[in-house]
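Worksheet for the structure shown next.
Residue numbering restarts at 1 for every chain, and letters A, B, ... go by the order of the sequence lines. Side chains are part of it too, since the values below use all heavy atoms of this structure and drop only hydrogens, waters and symmetry mates.
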Amino acid sequence: MNDLWVISPMLILAGVAGLILLLDLFLPAARKSMLVYLSLLGLGAAILANLAVGHGTRSAFGGAVGIDPLAYFANWILLLSAVLAVLIGQRYLVDLDMEHGEHYALILFATLGGMLMAAGRDLLIVFLGLEVLSLSLYVLAGYRRTDLLSQEAALKYLLLGAFASSFLLYGIALLYGATGTTSLEVLGATLAGRAGGVDLLLILGVGLLGIGLAFKVALVPFHMWTPDVYEGAPSSVTAYMSVAAKAAGFAAVLRIYPQALGTMVSDWAPLFAVLAALTMSIGNIIALAQSNIKRLLAYSGIAHAGYILMGVVASDDFGVASALYYLLAYTFMNLGAFAVLIALREGEREYLSLNDYQGLGHRRPWLGASMALFMLSLAGVPPTAGFLAKVYVFGAAVQAGYLWLAVVAVLNSVVAAFYYLRVIVIMYMREPGAQPAPVSLSPSLALALLLTAWGTLQLGLWPTPVLEMAQESFASLLGV
Amino acid sequence: MVPTGSYLLLSAAFFTIGLLGVLVRRNAIVIFMSIEIMLNAANLAFIALSHQLGSLRGQVFVFFVLAVAAAEVAVGLAIMVAIFRQRGSVDVDEIHLLKG
């Protein structure tokens, strides 16, 4: 029973997703919106179960999965992003004439996969979770199946995602050869007791595993798929995958690298530091040239992955906590920005050019103000969540002795401020064009905007409880 | 008795063949087949190492990989059929509406 109790949030999600698929067959088209309530109910139940299971370290199924502060925190991020994605997507799907039960079921399955990844204490479970998450996202990316862009996004995501999975798998196979286990706990203990010397299998294994995970969280130079997939996928799906895939991927990275491979930190941390610097620089520089808001947010997402990686590089309790804090802050501010993006729409037509935002601050003061808030937070201006998140990861990098990385990151924030603030300038200092972009704000979208704006401010003004929760996450794997 | 090292070399060769296939071929289905070769290269490594180490973990892993690969094929072919219906081709060079 203990085993099932530990994974009860995931079981609830799986059950509700199955129920949605089943009900979808019998519901007449006019009553499909019932499925929204059902999926929100399921997510609510999973959140309650997550609270009830708590964050005390517990393992289940012979140590293959377990709950601990890291998994607990990641579960919160994933469940919150799923709730927000359902709220954001509801009206959008109706307008695009694609409100089918599968959409909600797939979001729940993807969330389940992400949670499995975060809870995995065996590389097998991490791999399975990753595949459940990825397969759901491939389908979601191609959800407008007659739309050429959506199809193309799905194909590119599928081919590159499966390609990355095979690297990850080969890395796991070599690690298995080097250490004789796939359990992260035993792996950590084996490596700690290892005599010095170069082990080719081990180094290749760690490297290939890193490449596979870097693809999934979109680190430069493995980021090429990101802008295309984000642009082509339906906006509500892009919003969800930009945060969920990152949160789950980084949860796995945080568990595997600083914890299980913690004894090899001097081997991989410098490499990750270079990757982080490259990722944020290239993401930010290309974002400068974007005129499509969806692509802009895609490149900004790549840059943010670079900042989060700084927490992994630091690889101590503060580093892990700051990375988790950053992920939560990113969830709120990025989903908020996407909610505004989705509000600028009329029927099927979306208004994605930056010029469509001209004068939005005057025409729709509240919508403009919330977009301004999310942009300031993404740029890292106080008193928002993005500011503190940046302070924490930069601080963690400095503490770990990566001063040069922190300097690169600060310079990057200056570059990034340019394109985030440009959106605000366009909204407030330019007159609307002859045909201003129409706005359709449904109640659920307004609720999502309210929640994300609250989260962005809350994390910026009163971070202590969340940060304390995140700080317990380090070393929980070995039961320390 | 064939030594484990030879199996690992064979699996590395398969992995490289798959990798080259992904990079060189332009038909989405052939690229997908190459990815399957890469996955199976990993499976071969798992089985050889499992035999060498005398533990069953590696072989169990292979069963899971087979199931996952099957699911991936189902999703992948569905996406390709949708694309083929609309465009009449699954050549990745012709699928470039998004500027990447």
Side-chain angles (χ1 to χ4, degrees), chain A residues 122-125 127-128 130-132 134-136 138-139 141-142 144-183 201 204 208 224-232 292 295, chain B residues 4 8 11-12 14-15 18-19 22-23 28 31-32 34-50 52-55 57-58 60-65 67-69 71-87 90 92 95-100:
Chain A
D122 191 299
L123 287 168
L124 173 60
I125 302 295
F127 175 72
L128 273 184
L130 178 79
E131 288 299 318
V132 172
S134 302
L135 286 174
S136 313
Y138 302 152
V139 182
R144 291 182 76 178
R145 67 173 192 280
T146 51
D147 179 75
L148 293 177
L149 296 182
S150 183
Q151 289 176 349
E152 183 175 335
L155 184 70
K156 282 185 173 165
Y157 198 16
L158 170 86
L159 289 179
L160 288 172
F163 189 53
S165 295
S166 56
F167 276 93
L168 183 94
L169 192 66
Y170 208 74
I172 296 176
L174 296 185
L175 264 183
Y176 172 64
T179 59
T181 182
T182 54
S183 155
L201 277 188
L204 272 176
L208 287 173
M224 290 82 73
W225 57 272
T226 322
D228 284 359
V229 173
Y230 281 18
E231 189 187 349
N292 176 310
R295 278 185 96 80
Chain B
T4 312
L8 288 184
S11 115
F14 273 131
F15 193 78
L19 186 68
V22 173
L23 298 177
I31 293 179
F32 207 55
S34 306
I35 293 173
E36 292 299 316
I37 295 178
M38 292 168 76
L39 287 178
N40 281 316
N43 282 347
L44 185 59
F46 265 122
I47 295 169
L49 291 166
S50 169
Q52 157 97 1
L53 296 163
S55 89
R57 241 172 219 275
V60 172
F61 212 120
V62 170
F63 280 112
F64 280 94
V65 174
V68 164
E72 216 161 51
V73 168
V75 169
L77 290 184
I79 292 172
M80 283 174 211
V81 167
I83 289 183
F84 190 81
R85 276 196 187 147
Q86 207 100 60
R87 305 185 195 230
V90 284
V92 288
I95 302 175
H96 50 63
L97 289 172
L98 297 161
K99 43 181 199 277

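- Both the backbone and the side chain of Ser11(B) have a heavy atom closer than 4.5 Å to some heavy atom of chain A.
- Looking only at heavy-atom pairs under 4.5 Å with chain B, the residue among Gly142(A), Ala153(A), Ser183(A), Ser165(A) that has the most is Ser183(A).
- Proximity to chain A is limited to the side chain of Ile79(B), based on heavy atoms less than 4.5 angstrom apart.
- For the atom pair Leu160(A) CG and Ile35(B) CD1, the distance stands at 7.5 Å (nearest 0.5 Å).
- At a 4.5 Å heavy-atom cutoff, the contact between Leu53(B) and chain A is made by side-chain atoms alone.
- With chain B as the partner, the residue from Val139(A), Ile172(A), Leu174(A), Thr181(A) showing the most heavy-atom pairs under 4.5 Å is Ile172(A).
- For Thr146(A), the parts sitting under 4.5 Å from any heavy atom of chain B are the backbone and the side chain alike.
- In this structure, the separation between CG on Leu169(A) and CZ on Phe64(B) is 13.0 Å, given to the nearest 0.5 Å.
- Here the CG atom belonging to Leu155(A) is positioned 8.0 Å from the CD1 atom belonging to Ile31(B), to the nearest 0.5 angstrom.
- Closest non-hydrogen pair, Phe32(B) versus Ala162(A), comes out as CE1-CB, 4.5 Å.
- For Ala69(B), no part lies under 4.5 angstrom from a heavy atom of chain A.
- With a threshold of 4.5 angstrom between heavy atoms, Thr4(B) does not approach chain A through any atom at all.
- Under the 30°/60° scheme for interplanar angles, the aromatic rings of Phe15(B) and Phe167(A) are found to stand perpendicular.
- Using a 4.5 Å cut-off on side-chain heavy atoms (C-beta onward), Ser34(B) and Phe163(A) make no contact.
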Please tabulate, for the side chains in residues 80-87 of chain B, all donor-acceptor contacts under 3.5 angstrom to protein atoms that are two or more places apart in sequence or on a different chain.
| unit_1 | atom_1 | unit_2 | atom_2 | d |
| --- | --- | --- | --- | --- |
| Gln86(B) | OE1 | Gln151(A) | NE2 | 3.0 |
| Arg87(B) | NH2 | Leu148(A) | O | 3.2 |

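- Only the side chain of Glu131(A) comes within less than 4.5 Å of a heavy atom of chain B; its backbone N, CA, C and O stay farther away.
- Only the side chain of Val92(B) comes within contact range of chain A, with heavy atoms under 4.5 Å apart.
- For chain A, the option among Gly58(B), Ala45(B), Ala28(B) with the highest count of heavy-atom pairs below 4.5 Å is Gly58(B).
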